[in-house]
Structures are given as structure tokens and as C-alpha cells.
Amino acid sequence: MTRYVAFLRAINLGRARKVPMVDLRRCLEEAGLTDVETYIQTGNVRFGTSLRSREKVERYVEDALGSRFGFEVPAIVLTPAQLRQVYDDAVGLTRDTDPVDVRRYATLLKADPPAEAVEEVDDWNIEGERATVVGRAVHWVVPGPSQSAKLSNARIEKALGVATTRDLKVIRTLADRWGGGT
């Protein structure tokens, strides 16, 4: 059984996309995934499966959730080691000159980004905001809350494709909980 961590995009946003975590776990268990565990209401879920291909795992999760809840739920799947690497990369990108109250985010990409789009995102440096693409993750820093930032998940998706964003504190917690082993 291989373990994966799925980051679900756009659940529990608005009335129409509500997915209680107990229902999410039940749905995935009934679909045949094992040891299903969730963390907070934003669609972070760890599970085991005999499927080996990331793309097959993503489709399997998406199909199960879409059938159960009646709307599309894109899943971005990482192995525990990849999750740990996303956090380690973020820590490595920290600058001594960053303000103490800077906000850090990781946007996880469904697919490998095209090189020309990576350059566009890596060149982002507007009003104290910056972004760096490493693999299938965009690490970004903003001087205040993400709601007031010029950079956003929508802007990243426009350049790099389907994505979902988590605060780096969530990524750290998940890397500590689920980022070891396979």
C-alpha cells in the first residue's frame, strides 16, 4: 500500500461546495482507499492505495468525490516525501531580509509547469511580494494577508494550470504529520 497526500481544490468555499470531513473520509474509504485521515476543513487528506501512478490516484479521488458530492473536486496528489520536500524548499527560500510578519504560502500544481510560465512567475516582484517555482510548487511571500496580495491562486492558475494554495503553517504541520515514509 502506497501512501499519498491529496490537496483538494475549492472545497468548503461557499454554500454549494460544502464537504464535511467526516463525509469526505467516508467517501474515500467506501471507494477503497485505506487509513484515510483529514486535517482541517480545507481538503487535506492522507490515504493508502495500491494504485501507483499519481495521475491515476488523482483521477480516482476526483471521480469518487465528484460522484458522491455532485461537483468537480480537483485533487493534487503528492507522496509524503514530496510533501516534506515542498516544506523544506520553502524553508530554504527564506531570506534574512524578510519582515517578521511576512506571510508565506505554497501553491501546489496539478501538473509540471511549462518553463516559459515558470519564468513569468519567478519574475514576480511587486510591492514586497515574490514567488519562486520549485517543481510542482509555487512558494510565495506577501507582506500582509493573501486577500490584499496582488498574487493569488487564480493568477498562478492562469499562468501554470490547476493549483491549490495552502498557508505555509499548514504545509509545515502536514509535513510533520504525514511527510515521512511512503
Side-chain angles (χ1 to χ4, degrees), residues 1-13 16-90 105-115 117-118 121 132-140 153-154 156-182:
M1 219 33 80
T2 302
R3 297 225 182 272
Y4 293 97
V5 179
F7 295 87
L8 307 178
R9 186 189 176 284
I11 66 164
N12 294 329
L13 296 175
R17 299 184 63 86
K18 290 291 182 199
V19 179
M21 293 301 100
V22 67
D23 294 343
L24 173 71
R25 288 189 300 273
R26 185 177 304 119
C27 171
L28 295 177
E29 288 167 351
E30 289 172 1
L33 301 179
T34 62
D35 301 318
V36 179
E37 184 180 347
T38 57
Y39 177 74
I40 65 176
Q41 298 295 316
T42 58
N44 310 299
V45 59
R46 187 204 58 175
F47 54 85
T49 180
S50 60
L51 295 172
R52 299 277 182 204
S53 158
R54 173 182 58 86
E55 292 85 358
K56 286 181 182 177
V57 173
E58 286 175 342
R59 276 192 305 277
Y60 191 82
V61 168
E62 290 167 349
D63 289 347
L65 296 175
S67 294
R68 176 66 151 278
F69 299 110
F71 54 85
E72 183 181 330
V73 180
I76 296 159
V77 172
L78 303 175
T79 65
Q82 289 168 330
L83 170 60
R84 169 57 62 190
Q85 189 62 55
V86 168
Y87 178 69
D88 291 346
D89 290 343
Y105 300 91
T107 299
L108 306 170
L109 305 170
K110 191 162 182 68
D112 292 327
V118 168
V121 173
T132 306
V133 181
V134 180
R136 288 191 309 129
V138 180
H139 301 277
W140 49 293
N153 194 82
I156 291 170
E157 278 193 320
K158 186 175 180 180
L160 301 176
V162 175
T164 190
T165 299
R166 299 295 187 273
D167 188 290
L168 192 58
K169 293 173 189 172
V170 171
I171 296 292
R172 180 187 65 226
T173 298
L174 295 178
D176 289 347
R177 285 179 177 214
W178 299 340
T182 57

What's the verdict on salt bridge (charged side-chain N to carboxylate O under 4.0 Å, His left out) for Glu55 and Arg59, showing C-alpha distance, side-chain angles and the deciding distance? CA-CA 6 Å; Glu55 292 85 358; Arg59 276 192 305 277; over 6 Å; no
Which is it for Leu109 and Ile156 under the side-chain contact (heavy atoms from CB on, under 4.5 Å) test, yes or no, and what are the steps along the way? CA-CA 9 Å; Leu109 305 170; Ile156 291 170; 4.2 Å; yes
Please test Leu78 against Arg136 for side-chain contact (heavy atoms from CB on, under 4.5 Å), starting from the C-alpha separation and ending with a verdict. CA-CA 10 Å; Leu78 303 175; Arg136 288 191 309 129; 3.1 Å; yes
Worked verdict on Trp178 versus Asn44 for side-chain contact (heavy atoms from CB on, under 4.5 Å): CA-CA 11 Å; Trp178 299 340; Asn44 310 299; 4.3 Å; yes
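When the side-chain contact (heavy atoms from CB on, under 4.5 Å) test is applied to Asp89, the partners found at least two apart in sequence or on another chain are Gln85, Val134, His139. For the salt bridge (charged side-chain N to carboxylate O under 4.0 Å, His left out) test, residues two or more places apart in sequence or in another chain that qualify with Asp35 are Arg3. For Arg68, the salt bridge (charged side-chain N to carboxylate O under 4.0 Å, His left out) partners two or more places apart in sequence, or in a different chain, are Glu30. Scanning for side-chain contact (heavy atoms from CB on, under 4.5 Å) contacts around Thr173 gives Tyr39, Arg177, with sequence neighbours left out. Partners of Arg166 by salt bridge (charged side-chain N to carboxylate O under 4.0 Å, His left out), not counting sequence neighbours: none found.
When all heavy atoms are compared, the tightest approach of Val36 to Glu29 is CG2-CG, 3.6 Å. Between Pro80 and Gly180, the shortest heavy-atom contact is CB-O, 3.7 Å. When all heavy atoms of Ala64 and Ala31 are compared, the closest pair comes out as CB-CB, 3.9 Å. Leu174 and Leu83 get closest at one heavy-atom pair: O-CD2, 3.5 Å. In plain terms, the two heavy atoms of Thr79 and Tyr4 that are nearest each other are CG2-CE2, 4.2 Å. The minimum heavy-atom distance between Asp23 and Arg26, with the atom names listed, is OD1-NH1, 3.2 Å.
In this structure, the side chains of Val19 and Asn12 come closer than 4.5 Å at one or more pairs of heavy atoms. The side-chain heavy atoms of Arg172 and Asp176, taken from C-beta on, include a pair separated by under 4.5 Å. Side chains of Tyr87 and Leu168 form a contact here, defined as non-hydrogen atoms less than 4.5 Å apart. Within the 4.5 Å cutoff, side-chain heavy atoms of Thr107 are placed close to those of Asn153. Side-chain contact between Phe47 and Thr34: absent, with no pair of heavy atoms (C-beta onward) separated by less than 4.5 Å. Using a 4.5 Å cut-off on side-chain heavy atoms (C-beta onward), Ile11 and Phe69 make no contact.
To the nearest 0.5 Å, atoms SG (Cys27) and CE (Met21) are separated by 11.0 Å. For the atom pair Glu72 CD and Arg9 CZ, the distance stands at 8.5 Å (nearest 0.5 Å). Rounded to the nearest 0.5 Å, atoms CD1 (Ile171) and OH (Tyr105) are 12.5 Å apart. Between Leu108 atom CG and Phe7 atom CZ the span is 5.5 Å, to the nearest 0.5 Å. Distance check: Arg54 CZ to Gln82 CD gives 7.5 Å after rounding to the nearest 0.5 Å.
Here salt bridge (charged side-chain N to carboxylate O under 4.0 Å, His left out) pairs that include residues 38-49, with residues two or more places apart or in two chains, are Glu37-Arg46.
In Lys18, the NZ atom is crowded: over 12 heavy atoms of neighbouring residues, nucleotides or ligands sit closer than 6.0 Å.
Applying side chain to side chain contact (heavy atoms under 4.5 Å, CB included) to Thr49 and the options Val77, Val61, Leu33, Leu28 leaves one that passes, Leu33.
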